[in-house]
Amino acid sequence: MSRLSLYLHIPFCKTRCSYCDFNTYTNLDQLYGRYTNALCTEIERTLSALTSENYQPLKPLPARSDSINPRLSVATLFFGGGTPSLLPPVLLEKVMQTIARYALFAPKTEITVEANPGTLSLEKLRLLRDMGINRLSFGVQTFDDDLLRTLGRLHNGAGAIEAYNLARRVGFDNLNLDFIYGLPNQSLAAWRISLERAVSLRPEHLSLYALTVEEQTAMGRALARGSLPSPNDDLMADMYLLALELLDKAGYVQYEISNWALSEKFACRHNLVYWRNEPYIGFGPGAHSSFAGYRYAVLKDPQQYIRRLEEGKSVIEVEEAEPITPELKLTDTVILALRLNEGLELARIEREFGLSLEQLFPGVVENLVRLGLLEEFRDEAHESRLRLTVRGRLLSNEVFIRFLP
Amino acid sequence: MTEQKKIRNFCIIAHIDHGKSTLADRLLEVTGTVSKRDMTAQLLDSMDLEREKGITIKARAVQMHYTAQDGQEYELNLIDTPGHVDFTYEVSRSLSACEGAILVVDAAQGIEAQTLANLYLALEHDLTIIPVINKIDLPSAQPELVAEEVMKVIGAKRDEIILASAKMGVGIPEILEAIVLHIPPPSGATDSPLRALIFDSHYDAYKGVIAYVRVMDGVIRSSDVIKMMATEKTADVLDVGVFRPAMTTQPLIDTGEVGYIATGLKVVADCQVGDTITLASQPATEALSGYRPAKPMVFAGLYPINTEEYTLLRDALEKLKLNDASLVYQPETSIALGFGFRCGFLGLLHMEIVKERLEREYNLELLATAPSVEYHVMKNNGDIILVDNPCDMPSSGEFTEIDEPWMNINIISPSRYIGAIMDLVTSRRGEYKKMDYLDEQRVLLVYEFPLGELIVDFYDQLKSRTQGYASLDYTFSAYKAADLVKLDVLVNGQAVDALSLITHRDKAFYLGRALVQKLRTLIPRQMFEVPIQAAIGSKVVARETISAMRKNVLAKCYGGDITRKRKLLEKQKEGKARMKIVGNVEIPQEAFMAVLSLEDERK
């Protein structure tokens, strides 16, 4: 049986947040139905190809890896966005049913929906729960109402807590809260308050992201104009260190540069697929896949996406598909694994690439260890592994660029 | 063959943008030398760089035939002149080839320093001046006011001044008539031994060096064997002819005419501007006066960003040198920058042009160090050494005197900026000589000024302090003794040779402080704390610290991001690859030019 990790992109939002440059669109409510149909068409097309004899999911490109077992099961499913919680639950259910026609859902299949606290009701949460969704990820960002306004979010701090409590009431027992730090005008003290409140809610999972300013966003333009103060790297480093300390004390285990879980079993299994450089398939406009020997993406515009699927045409940006060469695979394997606290199993490199990391990148590890960015350790199985130090987690790009092809 | 008395040789003197090229184009058009259909905009400036910068780098010549109102046909030779102060010597050679000059002044802007300098040069050569006020079609034109200025400066009468608009074709017939009527024909002797003045040259892959000449005496034929009187090189003439404007073969070039000689020589340095060509078999006894070998004034290191391109750079310099006798270079090694070349240039513009041509035509990426001048250093043992790289300056105590080059500079500006200009010039050790009012609002300021101060952002400062109104011209004056010191910069405790500079002792402290402050903003944070110090000898005069980098992380990396994030990392890696590493510190290229962009004016 082949186990699949599927990502489903829902490219709709009520409003665009000031920092966001994701592939998402506002005021397309009238498309929800047609969009869901198109998404189902794309899923059917791909999954039926996987189960057919003529295995060529990236037509006209030939598959670069062996065909897979036509008996499919879903390991993880992730509705991301955009705002998946904006879609009527019945439409999400339709998508899941489509998948279920080709692949088996196991009881422990992790099914996540990203949710904006401003879009949820008890009724909606109940429907999501009933259709088998077992993990919710809330974009809280901060509990500070002034900052939330700067970000252009729909909810306020109290609203986020209310949504969280509602989710608990209908029985969700695996919840994530997303936060951003380093926001313009956010002090270290304000960050501490948000963190403490987050921890006091005891979510199973926390994602804490350093603000990344993208030029082509309202926030990027405000910073360029000077109407918002620029993020300060030193302050952000302090905020990160504070989070490490506070979350550790509260019993959370860090497992990735920006992710913590109450225990290892609550680590997001879907995201672990990415970091372990395992295959996944993304559906919906702008969604990416790493599958059949390529990294590739679906075209970005939802209306074009719908039109082309309705006309029976391909929606994959075939010309831009990136063949996963051994060099690329090596780089991705190393830099993705190093994002994780479990780190990189050194034997895996020899196993998959035939040479040791030292042979592939002579002197690099030694130098990074000397700079205090990397450390070698042995796991419970006495396997030698490599991971980022705390300093290395803050300076991870300095590490990663040394493992580029 | 045109009779000598029907030849007119002239050039055009004008400030950048005052319309020299447009006027030249009109003359070519009206005389039928180039049909309107074949006219590419501004034909005389044929190098791309020239057109972009709006200046003429290489002189060009063109022959026109014009039937005047007296019914006679005349041969008019227009010799174009470089329009920049770096090329004063080349201008003077071009002027020597003429009997007259058209002085073009913008009707809205009046006379500029550059124009004035070249005008004086023309008067020194006894050229007949035909004053033209151009661009009278502009709404802001003030032709009468400018006419008064011109009358005052050259002592012309009002009715000698032609009002024109080259763009609209106004005044062109008047200018052509004035050339015929007022400029005297050439006066050489046909039966004397050949003396031809080289006023320019270029290298042709098939015909070798093509010398652009004005035959002063005698005749040159394509069968002759010639001799360059200064370099003493001889050559078999491959071809002679004139520019119409393309090179057109002729049986001979007669006395008084302008044309070209294809020499077959391999380097333009053998055929230098200002040299006299004569016949090997029947040489002239005396060369034409005014020859001077090309002398670089400004020096800088040129280094390939990618150290593997060193040999490409060497080959490129070699090829460029074929066409540019004034470029000099020799290999040099820098601890910070690796292998490169110390290059000498006529001036800053020349340096910029050479660097751009190397990058553009030879596809190289170059790093230029801050420019320096050539110092004469008298050592304790009495030896005099020439130092054009601050690194080579002996330590204090090892020499008795340092002399630096000084220039005469002319600045023309609206009089309301006199105070600002005075401040700037005196802050840079300039010495006031005199001031003349050209009219009620415009003033000519004359100073003596150390070249070492001139090449550090002086022109930009002058422009910004006068809102762009001032114009500048300079010529070499003399070497003078000065109390100079070498300022070293240490990054992370290690001296960075390419950042060393020579400055006056009184300013060393201030400059050191300004420089380390600037470097602190230019050098990115590293994985560790980096001190930056400025020192004179072993004495540290300024210090700044770049604190260690604490955060460089991509917080989010999920399925959709992996390719994009990898590309971001690749960009960071490329950025690093373009930096120079000194003592573990990655230093960006801009840092090596930091001294040119210090924000505060140095006091």
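Basis for what follows: all heavy atoms, side chains included, without hydrogens, waters or symmetry-related copies. Keep in mind it's a predicted model, so treat the numbers as computed, not measured. First the proteins, then the strands, lettered A, B, ... as listed; each starts at 1.
- Of the possible donor and acceptor atoms, none in the side chain of A:Trp275 sits under 3.5 Å from a partner among the backbone N and O of B:Tyr558.
- A salt bridge does not link A:Glu320 to B:Arg564: none of the charged side-chain nitrogens sits closer than 4.0 Å to a carboxylate oxygen.
- If you measure heavy-atom distances from A:Ile335 to chain B, the contacts under 4.5 Å come from the side chain alone.
- The heavy-atom pair separating A:Arg391 from B:Met549 by the smallest distance is NH2-O, 4.5 Å.
- The 12-atom threshold is exceeded at CD of B:Gln494, counting heavy atoms of other residues, nucleotides or ligands nearer than 6.0 Å.
- Both the backbone and the side chain of A:Ala210 come within contact range of chain B, judged by heavy atoms closer than 4.5 Å.
- To the nearest 0.5 Å, the span separating CD1 on A:Ile257 from NZ on B:Lys556 amounts to 14.0 Å.
- The local environment of CZ in B:Phe339 is sparse, with at most 12 non-hydrogen atoms from other residues, nucleotides or ligands closer than 6.0 Å.
- There is no contact between A:Ile324 and chain B, counting heavy-atom distances below 4.5 Å.
- Under the 3.5 Å distance criterion, the side-chain polar atoms of A:Ser258 are matched with a main-chain donor or acceptor of B:Ala555.
- Within the 4.5 angstrom heavy-atom criterion, atoms from both the backbone and the side chain of A:Ser396 approach chain B.
- Contact annotation for A:Tyr240: neither backbone nor side-chain heavy atoms come within less than 4.5 Å of a heavy atom of chain B.
- A:Arg393 and B:Val553 get closest at one heavy-atom pair: O-CG2, 3.4 Å.
- The closest donor-acceptor contact from the side chain of A:Tyr7 to the backbone of B:Gly559 lies at 3.5 Å or more, if one exists at all.
- For A:Asp233, the parts lying under 4.5 angstrom from a heavy atom of chain B are both the backbone and the side chain.
- The side-chain contact (heavy atoms from CB on, under 4.5 Å) test with A:Leu404 is passed by exactly one of B:Gln572, B:Glu574, B:Glu570: B:Glu570.
- Contact annotation for A:Tyr209: both backbone and side-chain heavy atoms come within less than 4.5 Å of a heavy atom of chain B.
- With a 4.5 Å cut-off on non-hydrogen atoms, A:Asp238 touches chain B through its backbone and its side chain both.
- At a threshold of 4.5 Å between non-hydrogen side-chain atoms, the residues A:Leu328 and B:Arg566 count as touching.
- Within a 6.0 Å sphere centred on NZ of B:Lys463, other residues, nucleotides and ligands contribute more than 12 heavy atoms.
- Of all heavy-atom pairs between B:Lys573 and A:Pro405, the closest is NZ-O, 3.5 Å.
- Atom-to-atom distance recorded for B:Ile562:CD1 and A:Asp332:CG is 6.5 Å, nearest 0.5 angstrom.
- At a 4.5 Å heavy-atom cutoff, A:Leu208 makes no contact with chain B through either its backbone or its side chain.
- For B:Tyr469, the OH atom counts as loosely surrounded, since its 6.0 Å shell holds 12 or fewer non-hydrogen atoms of other residues, nucleotides or ligands.
- For chain A, no part of B:Lys565 is nearby; none of its heavy atoms comes within less than 4.5 Å.
- When the shell of 6.0 Å around CZ of A:Phe22 is examined, it contains 12 or fewer heavy atoms from other residues, nucleotides or ligands.
- In terms of non-hydrogen atom pairs under 4.5 Å with chain A, the most contact-rich of B:Leu568, B:Asp561, B:Thr563, B:Leu554 is B:Leu554.
- Of the two parts of A:Thr331, only the side chain, counted from C-beta on, holds a non-hydrogen atom closer than 4.5 Å to a non-hydrogen atom of chain B.
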- Task: Please test A:Glu398 against B:Lys551 for salt bridge (Lys or Arg N to Asp or Glu O under 4.0 Å), starting from the C-alpha separation and ending with a verdict.
- Result: CA-CA 9 Å; A:Glu398 299 286 332; B:Lys551 172 184 165 283; over 6 Å; no
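- The nearest pair of heavy atoms linking A:Ile401 to B:Leu569 is CG2-O, 3.3 Å.
- The two atoms that bring B:Arg550 and A:Leu395 nearest to each other are C-CD2, 3.5 Å, heavy atoms only.
- Only the side chain of A:Glu322 comes within contact range of chain B, with heavy atoms under 4.5 Å apart.
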